[in-house]
Amino acid sequence: MSHNYFKTYPSKEGFFNEYGGAFIPPVLESEMKKITDAYFTISKSHDFINELRSIRKHYQGRPTPVYYCNRLSQKYGGRIYLKREDLNHTGAHKLNHCMGEALLAKYLGKKKLIAETGAGQHGVALATAAAYFGLECEIHMGEVDISKEHPNVVRMKILGATVVPVTHGLKTLKEAVDSAFEAYLKDPINSIYCIGSVVGPHPFPMMVRDFQRVVGIEAREQYLEMTGELPDSVVACVGGGSNAMGLFSAFLDDEEVSIYGVEPGGRSMNLGDHAATMTFGTPGIIHGFKCYTLQDEKGEPSPVYSVASGLDYPGVGPEHSMLKDIKRVTYDVINDKECIEAFYELSRLEGIIPALESSHAVAYALKLAQQYPQSSILVNLSGRGDKDIDFVVDTFGLPK
Ligand SMILES: *Cc1c(COP(=O)(O)O)cnc(C)c1O
């Protein structure tokens, strides 16, 4: 890796080698350019950096701890450590970039935050940030998802956000993205679009990564302080890829550290039964940027599935796509069954109920620990599992 990694990637046009960029209509292109220019000026200013630091400490509760899993390590081998993003305010890593995006909106003089949400996690984090800054918040959500994700819809409304039901097409995430972009283009002066992961057109993959870097910077320092060395492996789940980029970015230059991104293998290896974009996909353009994608014969995004709704996206961050090609990160899959087993193992051996998304990373760490019993493994526990408990028990039952 180059010492100037963060200056080299992305390029000025937003490319990570061949991936990324902005394949969008001209109106949107000029808006994205304005946001990019403003981001470069504002995010480097003393006031912005100080305000974000203060928010991280006093509002979000950062730094989140790194925790050594004694009982889990005894059972599976290895030395397993967790970066506890589940203890971040709102219970997941998403608030890291939502607070950054909302602070940028404030500096830009915007009045309204607009976004789509699938399972509702991004919507809740953004509604939280909007409440903090006194901004309006409009969340577009497919009608199907609204009925599936009732508690998150209620949370958004309690926090003061407007939830806009999307009633056309399949009434899920893809239509919600289109609807949110449309709403944003009606008033780009007063509003800003806030993407929920390291995806979408430039500058979002770069901005969201930068706002998530705090996870890796903290974790590397904490791990060094606890053990005097670096971990042999770092592991994170990959949906769009924001929690993974946050952790990985701090270790890219450490050649002795192996890096693993874990994709959802779902219920089978057939198209439509998983969301393992990099394991089974091919490069293509989706939602305005180039990345590995899962597509049908017509080049349309394919339906995807995972037991963890936060991971079911038919694309992935452009930076991950590059890191796969240059072989700095290894991407692999964990299926639903392995994910549920890990969910219960962490709950019962450590008293920590993980999000189903994060359980994919935990499951992979358990495999690594068994395979390399002398090694140390640092896992990003991206979120807590309270949102998943009823679904898991109703669908899979309690373990014997
Ligand atoms: C949304 C979510 C993810 C997936 O998003 P990434 O951008 O891939 O990090 C992972 N874990 C949790 C807890 C989430 O809420």
Side-chain angles (χ1 to χ4, degrees), residues 64 82-98 100-101 115-128 145 149 151-152 155 173 194-200 204-216 234-249 260-264 275-278 287 291-292 304 306-321 323 329 331 333-334 339 342-343 346 352-364 379-389 391-392:
T64 58
L82 304 176
K83 175 60 172 166
R84 297 287 310 274
E85 288 305 293
D86 59 317
L87 295 177
N88 198 29
H89 179 45
T90 72
H93 71 288
K94 283 197 174 72
L95 200 65
N96 297 333
H97 60 251
C98 285
E101 286 175 319
E116 79 293 334
T117 194
Q121 296 301 108
H122 176 52
V124 170
L126 197 64
T128 302
D145 292 327
E149 308 289 348
N152 276 341
R155 275 184 200 111
L173 184 62
C194 294
I195 285 184
S197 188
V198 285
V199 297
F204 286 105
M206 169 186 72
M207 275 180 7
V208 172
R209 172 200 68 191
D210 290 354
F211 290 138
Q212 287 294 345
R213 279 182 64 190
V214 65
V215 175
V234 298
V235 181
C237 66
V238 178
S242 63
N243 88 87
M245 267 333 301
L247 183 67
F248 296 173
S249 55
Y260 298 95
V262 186
E263 296 197 287
T277 313
M278 275 185 294
H287 296 145
C291 63
Y292 276 89
V304 281
S306 164
V307 72
S309 49
L311 299 181
D312 56 1
Y313 181 59
V316 67
E319 193 165 6
H320 285 290
S321 303
L323 291 168
V329 178
Y331 295 89
V333 293
I334 282 292
C339 160
F343 172 89
L346 190 64
I352 298 170
I353 303 176
L356 286 177
E357 291 81 6
S358 325
S359 301
H360 284 77
V362 174
Y364 199 75
V379 182
N380 198 4
L381 197 74
S382 54
R384 66 174 181 229
D386 303 51
K387 67 185 178 56
D388 298 316
I389 52 176
F391 169 79
V392 170

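Just follow the structure's listing: the first ligand is 1, and inside any ligand the first atom is 1. These numbers were taken from a predicted model, which means no experiment stands behind them. We count residues from 1, following the sequence as given.
By the salt bridge (charged side-chain N to carboxylate O under 4.0 Å, His left out) test, Glu263 is found to be paired with no residue, residues two or more places apart in sequence or in another chain being considered. With sequence neighbours left out, Arg84 forms a salt bridge (charged side-chain N to carboxylate O under 4.0 Å, His left out) with Asp86.
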For ligand 1, what N or O to protein N or O distances fall under 3.5 Å?
| unit_1 | atom_1 | unit_2 | atom_2 | d |
| --- | --- | --- | --- | --- |
| ligand 1 | 7 (O) | Ser197 | OG | 2.6 |
| ligand 1 | 7 (O) | Gly241 | N | 3.2 |
| ligand 1 | 7 (O) | Ser242 | N | 2.8 |
| ligand 1 | 7 (O) | Ser242 | OG | 2.6 |
| ligand 1 | 8 (O) | Gly239 | N | 2.8 |
| ligand 1 | 8 (O) | Gly240 | N | 3.2 |
| ligand 1 | 8 (O) | Gly241 | N | 2.7 |
| ligand 1 | 9 (O) | His93 | NE2 | 3.1 |
| ligand 1 | 9 (O) | Ser242 | N | 3.4 |
| ligand 1 | 9 (O) | Ser242 | OG | 3.2 |
| ligand 1 | 9 (O) | Asn243 | N | 2.8 |
| ligand 1 | 9 (O) | Asn243 | ND2 | 2.8 |
| ligand 1 | 11 (N) | Ser382 | OG | 2.7 |
| ligand 1 | 15 (O) | Lys94 | NZ | 2.7 |

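Looking only at atom types and distance, the side chain of Asn96 has a donor-acceptor partner in the side chain of Glu85 under 3.5 Å away. Checked by atom type, the side-chain pair Lys83/Thr64 shows a donor-acceptor distance below 3.5 Å.
Other residues, nucleotides and ligands place more than 12 heavy atoms under 6.0 Å from the CG atom of Leu87.
Among residues at least two apart or in separate chains, salt bridge (Lys or Arg N to Asp or Glu O under 4.0 Å) pairs with a member in residues 307-319 are Arg209-Glu319.
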